[in-house]
Undergrad: 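Before I ask anything, here is the structure I am working with.
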2 protein chains.
Amino acid sequence: MDVGARLRMVRDRFGLSQRELAKRAGVTNGTISLIEQNRVSPSVSSLKKVLEGLPMTLAEFFTFDVEPQQQRAFYQADELPNLGNEQIQLLLVGTAHERRDIAILRERYEPGADTGPDMLFHEGQEGGVVITGEIEVTVNNETRVLGPGDSYYFDSKLPHRFRNIGDSVCEIVSASSPPTF
Amino acid sequence: MDVGARLRMVRDRFGLSQRELAKRAGVTNGTISLIEQNRVSPSVSSLKKVLEGLPMTLAEFFTFDVEPQQQRAFYQADELPNLGNEQIQLLLVGTAHERRDIAILRERYEPGADTGPDMLFHEGQEGGVVITGEIEVTVNNETRVLGPGDSYYFDSKLPHRFRNIGDSVCEIVSASSPPTF
DNA sequence: ACTTGTGGTTTAATATTCTTAACAACGATC
DNA sequence: GATCGTTGTTAAGAATATTAAACCACAAGT
């Protein structure tokens with residue numbers, strides 16, 4: 001979706017006229033009109049000024065999703081695909097969804113299961129809740145054992161590791177964004 | 001962080017010289033030099049062209065995170081704050097986290113609990129897994145009853161509603177991005 | 001019907017960005 | 001040490017964005 005249509009959409013959503021927004025943003029109404037018609041490609045400085053009148057950040061503006069396509073919404077327990085292996089089962093929620101912002105997983109760690117000594121790290125953030133059993137989680141040199149109801153949340157750039165050191169299965173529901181697999 | 005420094009950083013990260021990037025992007029090296037020095041504020045069209053040479057989207061460019069700050073990572077079951085009420089308990093995972101990408105919730109619906117007949121809708125995507133009990137979920141005119149292990153995932157722009165129509169408590173772990181509260 | 005106000009659009013002048021083509025600084029090679 | 005190739009920077013002109021002030025259309029009063 002082009003910048004003009006995007007701006008018009010968010011402005012409408014905020015219920016402001018071109019002149020109202022122009023005043024709040026410190027630009028002229030003509031500028032906003034021209035941008036919305038894609039007659040010009042604004043400088044990022046002026047676009048930033050315009051968005052500050054809403055207010056909205058550049059990141060939000062460009063991340064902003066337009067078309068909410070109808071999709072499959074419901075998934076039965078037994079139809080989730082396994083992204084992991086036998087030791088660590090990773091069932092992805094919402095398989096049919098195309099442009100996914102979050103990876104939600106039902107995770108199942110067998111006793112002794114371990115993501116390995118070479119720590120994981122990647123873009124984004126992740127968190128989760130322990131449903132049953134216990135799991136040893138290490139994040140950036142800090143290690144904790146979490147039980148049912150306990151949870152975690154951290155930047156995925158920090159090196160991390162999961163180990164089931166107990167003798168019973170451990171189940172977790174986790175989410176990470178953006179999805180990495 | 002300003003646009004110039006951002007561009008220089010991502011260009012360095014891709015290991016390209018100003019001239020190499022300029023050639024791939026279809027602009028001149030002078031343009032990139034001026035942008036990186038913040039001597040000009042590029043038009044979004046030219047910035048877009050530049051980023052396509054990497055390649056990188058505008059959204060990624062402005063979302064781009066610099067400093068992965070160390071934070072609290074672990075949370076005990078009893079210390080999560082409740083964002084809901086008595087009927088619908090919403091426990092937020094990772095309270096201490098500042099710039100949050102995902103809202104992970106332990107949700108608990110009492111029998112009869114209902115998010116209400118006026119459907120919810122907002123930016124982003126959301127999904128979840130039912131842990132115990134049953135819940136009636138409606139997304140965009142489609143209604144389903146989900147039990148333990150069943151899950152859902154949809155665009156939050158689609159109107160949606162949750163109702164516990166059973167006579168036992170229903171527990172869910174959900175995630176939504178971007179967080180909306 | 002005539003004003004008044006608001007909405008978005010357009011035009012000519014001004015301000016800014018972008019290109020072209022040069023420059024200076026650094027390292028490698030002969 | 002001279003030459004070459006590469007780096008990032010810069011000056012002046014061409015191209016584009018922005019402003020200021022007009023325009024047109026529509027609706028609400030009077």
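The sequence lines fix the lettering, A, B, ..., with proteins before strands; numbering per chain opens at 1. Just so it is clear, the structure is predicted and the values come from calculations on it, not from any experiment.
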Undergrad: Would you mind classifying the nucleic acid contact of B/Ile32 as base, sugar-phosphate or nothing, using non-hydrogen atoms under 4.0 angstrom?
TA: nothing
Undergrad: Rounded to whole angstrom units, what separation is found between the CG atom of B/Leu21 and the P atom of D/dT6?
TA: 17 Å
Undergrad: Round to a whole Å and report the spacing from CG of A/Leu7 to P of D/dT18.
TA: 12 Å
Undergrad: Tell me whether the OP1 or OP2 atom of C/dC18 has a side-chain N or O from B/Ser46 closer than 4.0 Å.
TA: yes
Undergrad: Closest approach to the side chain of A/Glu20, judged atom by atom: which nucleotide of C/dG7, C/dC18, D/dT18 is it?
TA: C/dG7
Undergrad: Checking A/Asn38 side chain against A/Gly4 main chain: does a donor-acceptor pair fall under 3.5 Å?
TA: yes
Undergrad: Describe the nucleic acid contact of A/Ser17 in one word from base, sugar-phosphate, nothing, applying a heavy-atom distance below 4.0 Å.
TA: sugar-phosphate
Undergrad: When you look at CG of B/Asp167, are more than 12 heavy atoms from neighbouring residues, nucleotides or ligands closer to it than 6.0 Å?
TA: no
Undergrad: So which nucleotide from C/dG8, C/dT19, C/dT10 ends up closest to the side chain of A/Leu34?
TA: C/dT10
Undergrad: Would you check if the side chain of A/Arg39 reaches a backbone N or O of A/Leu34 as a donor-acceptor pair within less than 3.5 Å?
TA: no
Undergrad: Considering every strand and a 4.0 Å limit on heavy-atom distances, what is the contact class for A/Ser43: base, sugar-phosphate, or nothing?
TA: sugar-phosphate
Undergrad: Taking B/Arg6 for its side chain and B/Phe61 for its backbone only, find out whether a donor-acceptor pair lies under 3.5 Å.
TA: yes
Undergrad: Looking only at side-chain atoms of A/Arg19, point me to the closest of D/dA22, D/dA20, C/dT10.
TA: D/dA22
Undergrad: Between A/Asn29 (side chain) and A/Ser33 (backbone), is there a donor-acceptor pair under 3.5 Å?
TA: no
Undergrad: When we call it a touch if two heavy atoms are under 4.0 Å apart, what does A/Val40 touch: a base, just sugar-phosphate, or nothing?
TA: base
Undergrad: How many whole angstroms separate atom CZ of A/Arg39 from atom C1' of C/dG8?
TA: 12 Å
Undergrad: With hydrogens left out and only the distance checked, is there a donor-acceptor pair under 3.5 Å joining A/Asn29's side chain and the base of C/dT9?
TA: yes
Undergrad: Tell me the interatomic distance from A/Asn38, atom CG, to C/dG8, atom P, rounded to whole angstroms.
TA: 16 Å
Undergrad: B/Ile35 has an atom CD1; how far is it from atom P of D/dT10, in whole Å?
TA: 15 Å
Undergrad: With distance as the sole test, does B/Arg163 use its side chain to make a donor-acceptor pair with the main-chain N or O of B/Gly112 at under 3.5 Å?
TA: no
Undergrad: Where the side chain of A/Gln37 is defined as all heavy atoms beyond and including C-beta, which of C/dG8, C/dT10, D/dT9 is the nearest nucleotide?
TA: C/dT10
Undergrad: Select one nucleotide: of D/dA17, C/dT19, C/dT9, the one nearest the side-chain heavy atoms of A/Ser41.
TA: D/dA17
Undergrad: Which one, D/dT19, C/dT9, D/dT10, comes nearest to the side chain of A/Gln18?
TA: C/dT9
Undergrad: Starting at CD of B/Glu36 and ending at C1' of D/dT7, how long is that distance when rounded to a whole Å?
TA: 12 Å
Undergrad: Would you say B/Thr31 reaches C/dC18's phosphate, i.e. side-chain N/O to OP1/OP2 under 4.0 Å?
TA: no
Undergrad: Can you tell me the distance, in whole Å, between the CG atom of A/Leu47 and the P atom of D/dT18?
TA: 9 Å
Undergrad: When you measure from the side-chain N and O atoms of A/Arg8 to the phosphate of C/dG7, is any distance below 4.0 Å, counting only OP1 and OP2?
TA: no
